[in-house]
Protein chains: 2
Amino acid sequence: MTDVKSVNNPLFLREEELRQAIELLFFAYRDFTAGPDEILKDYNFGRAHHRVIHFVGRNEGMTVSELLDILRITKQSLNRVLSNLIKRGFVEQRQGEEDRRQRCLYLTEEGRMLEQKVSRVQRELVANAFREAGGEAVAGYRKVLTGLIDETNRDTVLNRILKT
Amino acid sequence: MTDVKSVNNPLFLREEELRQAIELLFFAYRDFTAGPDEILKDYNFGRAHHRVIHFVGRNEGMTVSELLDILRITKQSLNRVLSNLIKRGFVEQRQGEEDRRQRCLYLTEEGRMLEQKVSRVQRELVANAFREAGGEAVAGYRKVLTGLIDETNRDTVLNRILKT
DNA sequence: GATTTTACGTCAGTCATGTTGACATATATT
DNA sequence: AATATATGTCAACATGACTGACGTAAAATC
């Protein structure tokens with residue numbers, strides 16, 4: 001009877017609500033990545049390759065540094081994945097025109113095809129979720145997820161996402 | 001001028017909107033997991049340990065099978081992490097009362113403390129995002145993320161999340 | 001023009017966390 | 001009594017992170 005959970009305790013309700021929101025994000029993300037993972041297995045690529053293909057596809061000509069900054073991994077980690085993608089002809093590098101130290105990254109035709117293929121299943125998943133949820137819910141989704149992004153570089157990240 | 005991107009093409013806008021939603025989820029999840037990762041490093045635990053502590057904490061007395069079903073990993077993978085947590089006194093097992101083959105999982109006092117500590121930073125992050133976004137946005141967040149969960153076992157997952 | 005910094009690549013070793021496959025043990029079910 | 005289930009365990013391997021050290025070309029600075 002003095003159990004904190006059994007009384008109508010607004011603090012507990014709040015904590016419970018937050019815990020549910022956390023689990024929801026866990027499960028949603030798990031299933032959100034399942035589709036691409038499945039496809040990439042056929043190419044002997046993993047999630048790391050997916051991320052590279054995704055971001056290079058969205059930012060053609062981006063430099064290695066920019067990619068490292070987005071992925072938040074070490075250059076040694078990136079290099080194994082990236083040089084694999086280059087060797088197998090999904091990504092190509094061109095020397096920077098202004099700064100010739102830079103290696104600018106582009107998808108090859110084959111890379112673009114794979115990117116499309118993988119992206120499609122993910123877009124369809126999200127499109128379905130958006131359709132079921134409705135426009136207002138989509139706006140809420142954006143607001144909350146934006147708030148989850150680290151405040152100290154939220155603007156940088158948002159610019160990167162929204163820049164078309 | 002015939003560039004599909006340059007005309008007011010609703011299909012392109014839709015695709016762009018979806019791509020932005022996908023990146024938003026990527027970045028939000030990245031920062032959502034950063035806090036716990038940081039804390040767990042001090043204990044020489046990783047994200048895998050976190051997941052076990054989280055779900056055992058939320059479902060005291062759950063069996064190993066149930067945990068495996070949630071995490072979607074092999075028992076061999078789980079075992080390394082789980083036996084580590086048991087050995088170090090964060091989780092304990094008790095034989096199932098009805099079915100004595102089952103090992104029911106519980107957090108120890110120490111485990112509960114760690115769970116609280118880690119959970120707190122994540123709850124605070126989500127609480128801030130919720131507060132900034134407002135109640136209506138939170139409802140939208142829930143709707144959309146629910147829609148992202150694999151439809152074939154969405155009900156099972158939702159029951160697990162909502163069951164208090 | 002010499003020096004320093006920057007962007008990138010690479011070698012080598014380690015760790016965390018996932019996988020497959022095979023086998024063991026206790027208990028429940030048929 | 002035979003079979004199925006829940007769990008544990010050993011061994012080998014893959015992926016994708018990490019640290020640390022070193023190299024090279026080009027830009028920036030003194």
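Each chain gets a letter, A, B and so on, in the order the sequences are listed, and its residues count up from 1. Only heavy atoms go into these numbers, but all of them, side chains included; no hydrogens, no water, no symmetry mates.
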First encountered from the 5' end of DNA chain D, between B/S83 and A/A48: B/S83
A/L85 CG - D/dG16 C1' separation (whole Å): 13 Å
Value in whole Å for how far the C1' atom of D/dT9 lies from CG of B/L78: 13 Å
Nearest listed nucleotide, side chain of A/Q93, among C/dG9, D/dT5, D/dG8: C/dG9
Sugar-phosphate only, base, or nothing, as touched by A/R47 at under 4.0 Å among non-hydrogen atoms: sugar-phosphate
OP1 or OP2 of C/dT19 under 4.0 Å from side-chain N/O of B/S77: yes
Whole angstrom value for the distance that separates P of D/dA6 from CG of B/L105: 14 Å
Worked verdict on A/R123 versus B/E17 for salt bridge (Lys or Arg N to Asp or Glu O under 4.0 Å): CA-CA 10 Å; A/R123 288 198 317 265; B/E17 182 194 2; over 6 Å; no
Near-ring test B/F26/A/F32, centroid separation under 6.0 angstrom: no
Whole-Å distance separating the CD1 atom of A/I86 from the C1' atom of C/dT10: 13 Å
Short side-chain N/O contact to C/dA16 OP1/OP2 from B/H49, under 4.0 Å: no
Pair of N/O donor and acceptor under 3.5 Å linking C/dG9 base with A/R103 side chain: no
Sugar-phosphate, base or nothing in reach of A/E98, heavy atoms under 4.0 Å: sugar-phosphate
Spacing between B/K41 atom NZ and C/dT17 atom C1', to the nearest angstrom: 17 Å
Side-chain-base donor-acceptor pair under 3.5 Å for A/R100 and C/dA7: no
Lys/Arg N to Asp/Glu carboxylate O, A/K143 vs B/E132, below 4.0 Å: no
DNA chain C: 5'-proximal contact among A/Q102 and A/R80 (nearest heavy atom): A/Q102
Centroid-centroid under 6.0 Å between A/Y29 and B/Y29 rings: yes
Under 4.0 angstrom between B/T74 side-chain N/O and C/dG18 OP1 or OP2: no
Distance in angstrom units between B/E66 CD and D/dT5 C1', rounded: 15 Å
Lys NZ or Arg CZ of A/R160 over A/F55 ring: under 6.0 Å, within 45°: no
Nearest-nucleotide pick for A/K75, side chain only, options being D/dA6, C/dG18, D/dA21: D/dA21
Length of the CD-P vector between A/Q95 and C/dT6, whole Å: 20 Å
Donor-acceptor pair present, A/Q76 side chain and C/dG13 base, under 3.5 Å: no
Gap between atoms CG and P, on A/N79 and D/dG20 respectively (whole Å): 19 Å
Selection from D/dA17, C/dG18, C/dT27 that lies nearest to any side-chain heavy atom of A/I73: D/dA17
Nearest to side-chain heavy atoms of A/D99, which nucleotide of D/dG8, C/dA7, D/dA17: C/dA7
Centroid separation A/Y106 to A/F90 less than 6.0 Å: no
